[in-house]
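Below you'll find the structure, written out as structure tokens, and then a few comments.
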Amino acid sequence: MTTFERLQRVRDERGAGFLALLDPDRQDKEDIVRRAEICVAEGVDALLFGGSFLISTNFEGMIRAVKRAVPDVPLVIFPGDTTQISAAADAILFLSMISGRNPALLIGQHVKAAPAIRAHGIEPISTGYVLVESGVQTTVEYVSDTKPIPRRKPEIAMAHALAAEYLGMACVYLDAGSGADRMVPVEMIRAVKDYVSIPVIVGGGIRQPEDARARVEAGADFVVIGTAFEGGADASRIEAFARAIHTQS
Ligand code: 1GP
């Protein structure tokens, strides 16, 4: 079974999948490993690893340490650029930033990365990445040099998601960006979910379990939590998110 099939099975069995984002810039190796272990113990279904802008020089060492610590849980790279590729990962979100019009992020980086992904034996998960306006300029908005989709224009997000589906992408990721002031609106999630048949990943700025639950009820197949788990890995908090996201368990 591929990693993507595993994730879809989790979604089918638990109502939605719970993905925790580990950003190697935000903690040292011991902390990131401890957090990965707690996340897995408390019900996280898969780990995303990466960041839109990394200054850490030990990407490889950190992702290997995480894989060693929690070998049975899918480890999926969420890359900011072509430097974030490692054979330690099971899969990589092969992201095209379809909300923007920056050719390097639509296809350029992909051409550079594809041979390395094959050589490392990592499963690519073709993902249409849609950045949604969030109230503050997020790192991804700045680094990508693109404009996010206005939060009150669900029809624009719908058209982008359908284009992703027609281009053959496996899923669409609606992201308000890490540390967003405001989350992707539930109205936009519902509109996109009703309009396309590919799975919908939602993340950015989700800090409370009830906000995660509202996004699942609106149609998110997978919810990504990053910043809310930083600054100390609190097991009960992660477990509360797991209960909120897993509507069927
Ligand atoms: C960012 O969706 C992820 O791309 C996670 O965002 O760090 O705000 O949880 P947070």
Side-chain angles (χ1 to χ4, degrees), residues 7 16-27 31-32 35-36 38-39 42-54 56 59 75-81 84 91-100 105 125 127-144 146 148-149 151 157 160-161 171-186 188-189 192 199-216 218-234 237-238 240-242 244-245:
L7 294 176
F18 179 13
L19 312 180
L21 173 63
L22 303 174
D23 181 333
D25 258 1
R26 307 243 182 119
Q27 56 249 295
D31 287 341
I32 211 166
R35 197 146 66 87
I38 297 173
C39 281
E42 299 304 329
V44 163
D45 299 304
L47 297 167
L48 298 187
F49 192 95
S52 51
F53 181 75
L54 295 187
S56 158
F59 182 88
L75 178 58
V76 182
I77 298 173
F78 177 30
D81 59 44
Q84 297 174 38
I92 184 167
L93 296 184
F94 201 63
L95 300 167
S96 184
M97 192 166 186
I98 59 172
S99 56
L105 302 180
I125 300 175
T127 305
Y129 181 83
V130 175
L131 185 63
V132 178
E133 179 198 346
S134 67
V136 289
Q137 190 180 43
T138 54
T139 304
V140 62
E141 179 182 344
Y142 176 77
V143 170
S144 65
T146 65
I149 287 181
R151 53 188 292 105
H160 280 77
C171 55
V172 62
Y173 188 154
L174 303 177
D175 196 0
S178 193
D181 253 12
R182 291 190 288 176
M183 301 169 282
V184 177
V186 287
M188 181 180 280
I189 298 166
V192 167
V200 178
I201 306 170
V202 176
I206 302 171
R207 293 180 182 84
Q208 301 301 334
E210 56 268 29
D211 292 328
R213 169 65 74 119
R215 274 140 193 86
V216 173
D221 296 283
F222 299 95
V223 176
V224 182
I225 309 291
T227 308
F229 298 159
E230 284 165 9
D234 177 347
R237 184 157 165 73
I238 298 171
F241 271 95
I245 292 167

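Quick caveat: nothing in here was measured; it's all calculated off a predicted structure. Numbering starts at 1 and runs along the sequence shown. Whatever order the structure lists ligands and atoms in, that order sets their numbers, starting from 1.
Asp181 places no side-chain N or O within 3.5 Å of a backbone atom of Ser134 that could act as its donor or acceptor partner. Formation of a donor-acceptor pair under 3.5 Å by the Asp45 side chain with backbone atoms of Phe18 is found in this model. In terms of modelled atom types and a separation under 3.5 Å, the side chain of Arg151 and the main chain of Gly135 share no donor-acceptor contact.
Contact residues for ligand 1 (protein heavy atom closer than 4.0 angstrom to any ligand atom): Leu21, Phe78, Tyr173, Asp175, Gly177, Ser178, Gly179, Gly203, Gly204, Gly205, Val224, Ile225, Gly226, Thr227.
What you find for Ile201 and Cys171 is that their closest heavy atoms are CD1-SG, 3.9 Å.
Here Phe59 and Phe49 bring their ring centres to under 6.0 angstrom of each other.
A distance of 10.0 Å separates CD1 of Ile125 from CG of Leu95, quoted to the nearest 0.5 Å.
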